[in-house]
Amino acid sequence: MNTAGINTEVVESLAPVPTIMDEEKMKQDPAHIENIDALTSDDVVMRSPFDDFGPWKTAKIFKKATAVALFAAFSACADGFQISITNTIIANTGFIKQFGTATTATGAPALAANVLSIWGGIGSMGQGLGMITMHFIADRFGRKIAFYCIWLVLLCCICCESFGRVWQVWLVAKLTSGYAVGSVQFLTGSYVTEIAPARVRGFLLLFYSVWYGLGQLFSTIALKVMSVRNPNDYLTVIYCEWAVLGVMGLVYAFIPESPYWCANHGKHEQGRKIVHFLNGGVKDYDVDFHYGLIRRHVEIEKRVAKELMGEKKPFWKDLWDTREIFMGVNGFRTLIAFMPAAVQQLSGLAVVGFCSRADTRVMGLAVTIIGAFALDYVGRRSCFLFAVAATWCCLITIGGLGLAPKPTSTAVNKFTLFVALMWRAVSTLLGDLGWSYVAETGSSRLRAKTAGFAAAGGVCIGLVFSTSVPYMLSAQDANWGLKTCFFFAGVSAPLMISTWFIMPDTSRRTPAELDEMFEKKVRPWKFRGYVTEAQKALQAERDLLGTEDVAAIQTVAAQHQGTQR
């Protein structure tokens with residue numbers, strides 16, 4: 001790009017700053033040549049000067065965008081409440097009386113084993129279907145339309161739960177509940193990634209898990225209260241879901257469309273208005289420049305996609321081209337998004353689920369909150385590798401405790417409980433980081449597809465172990481007890497070792513920077529300290545102007561990078 005088009009009136013008004021002649025001299029200086037090349041390259045999207053601020057300063061400056069992202073993530077509270085209700089209400093006395101088709105030895109009604117099995121399987125199937133299909137709606141019609149579709153699916157689910165009186169109707173409820181949960185889990189993270197400031201993105205992504213955990217905790221409390229007050233009343237808790245659905249609807253009505261989706265579909269005026277809505281009140285923030293960065297990023301991605309896959313095609317051909325997320329660099333990005341879920345499942349998540357109680361839920365929630373505040377400081381990779389190592393140590397320890405002679409002493413039992421809580425904590429951290437990687441790793445053009453398929457892969461592995469772990473634990477079958485942890489320590493070890501070579505640190509990076517590092521095949525363990533072309537371009541602009549003033553940098557950079565309106 002020719003730099004002679006710089007607005008000299010703007011430059012000269014920012015004394016003392018270099019003139020165009022000074023710029024030409026600087027281009028001859030070897031210390032600046034590389035940065036100048038990055039600034040004027042058609043393949044580089046400059047980093048915003050706001051992206052160098054710290055997390056807390058960023059959250060304070062971008063209050064509205066941060067609040068909108070938190071509000072969008074709040075829908076997870078409704079999501080957690082709803083899915084927890086459908087999974088745990090099967091222990092309610094009144095529910096068993098209504099839907100029980102079998103009897104116990106004493107003649108009391110009971111839920112038939114085949115019914116429970118079908119419910120569990122159909123719920124997991126619905127979750128997987130949501131993850132591999134909802135991205136088509138999100139990509140073609142927009143994130144908001146996809147959220148509205150999820151809301152309608154949940155409406156169908158709650159109607160079935162409220163008015164159904166036979167187990168077959170509850171089957172539809174389980175299917176629709178799973179579909180909605182699977183959809184909202186990957187789509188919310190992708191949406192937050194597209195509207196959140198880069199420096200607080202990790203905090204906001206983990207707050208999805210905070211809201212989700214609170215929703216599950218509220219449902220546990222509600223069911224406990226009803227079991228004490230009126231054990232035969234299961235409908236009151238279900239009716240509470242209508243209020244939760246109403247809150248979810250308000251969230252979806254308020255949040256704006258993703259500006260990245262607008263840029264991908266040529267709706268640039270709408271995209272600019274959304275950026276203005278999110279950040280227009282920030283001092284010295286140039287809306288045109290920042291939307292221009294998004295637009296430039298999207299255009300570069302489209303150019304690369306055209307070179308790889310050809311012109312845009314009809315829907316069915318576009319459906320076939322979904323295979324792109326499994327090819328080359330995009331395939332590696334999908335693998336990264338899938339790895340945390342795979343590691344968590346192979347490290348005994350199904351066993352942790354059998355040990356789930358109120359205290360373990362509280363422990364998991366506490367870990368998520370701590371992680372949300374620490375993630376942007378410590379980094380995704382460091383937190384993930386710590387969680388992997390700690391999980392494996394817990395597996396070996398608990399498995400070893402399973403070798404202790406029976407009956408065990410009180411001290412051994414207390415220590416076992418302590419290690420189990422630690423296991424729950426680090427397993428929760430793995431899951432939280434998993435949703436962060438799912439949301440961040442894919443390119444902006446393929447983010448929803450990458451997130452959906454990666455999350456669905458985790459569900460598939462989970463389905464295998466959710467059906468096999470009961471046999472491992474059962475006294476009538478394998479009767480492994482705590483020694484089950486040895487099995488998971490063994491099968492997970494190779495995958496855990498491979499994470500060192502696969503998992504990068506995506507913290508503090510813009511989507512364009514991540515694209516650059518993946519395309520250049522930067523080693524995952526070098527992501528944290530790597531200096532991107534986007535950073536070099538920003539530094540070149542600072543050097544040319546001789547100032548840190550963000551307004552001045554944006555004004556002139558808009559002409560350097562061709563991002564002016």
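Each residue takes its place number in the sequence, starting with 1. Just so we're clear, the structure is a prediction, and the values are computed from it rather than from any experiment.
Residues in residues 181-200 take part in these ring pair (Phe, Tyr, Trp, His ring centres under 6.0 Å) pairs, two or more places apart or across chains: Phe147-Tyr191. Evaluation of the salt bridge (charged side-chain N to carboxylate O under 4.0 Å, His left out) test over residues 491-509, restricted to residues two or more places apart or in two chains, returns Asp505-Arg528, Arg509-Glu513.
In Tyr471, the OH atom is not crowded: 12 or fewer heavy atoms of neighbouring residues, nucleotides or ligands sit closer than 6.0 Å. No more than 12 heavy atoms of other residues, nucleotides or ligands sit less than 6.0 Å from atom CZ of Phe386. Within 6.0 Å of CH2 on Trp119 lie more than 12 heavy atoms contributed by other residues, nucleotides or ligands.
In this structure, the side chains of Leu395 and Phe486 stay at 4.5 Å or more apart for every pair of heavy atoms.
Under the salt bridge (charged side-chain N to carboxylate O under 4.0 Å, His left out) criterion, Lys97 pairs with no residue, sequence neighbours left out.
The minimum heavy-atom distance between Phe332 and Pro524, with the atom names listed, is CZ-CG, 4.2 Å. The minimum heavy-atom distance linking Met496 with Ser347 is given by the pair CE-CB, 3.6 Å.
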Contacts table for residues 131-138: side-chain donor-acceptor under 3.5 angstrom, sequence neighbours left out:
from	atom 1	to	atom 2	distance (Å)
Thr133	OG1	Leu129	O	2.6
Thr133	OG1	Tyr179	OH	2.8
His135	NE2	Ile132	O	3.0

Name the atoms and distances for all side-chain donor-acceptor pairs under 3.5 Å in residues 202-214, with sequence neighbours left out.
from	atom 1	to	atom 2	distance (Å)
Tyr208	OH	Asp79	OD2	3.2
Ser209	OG	Asp432	OD1	3.1
Trp211	NE1	Leu70	O	3.4

List the atom pairs, donor and acceptor, that lie under 3.5 Å between side-chain atoms in residues 236-252 and the rest of the protein, sequence neighbours left out.
from	atom 1	to	atom 2	distance (Å)
Thr236	OG1	Asp233	OD1	3.3
Thr236	OG1	Asp233	OD2	2.5
Glu241	OE1	Gln82	NE2	3.2
Trp242	NE1	Ser162	OG	3.1

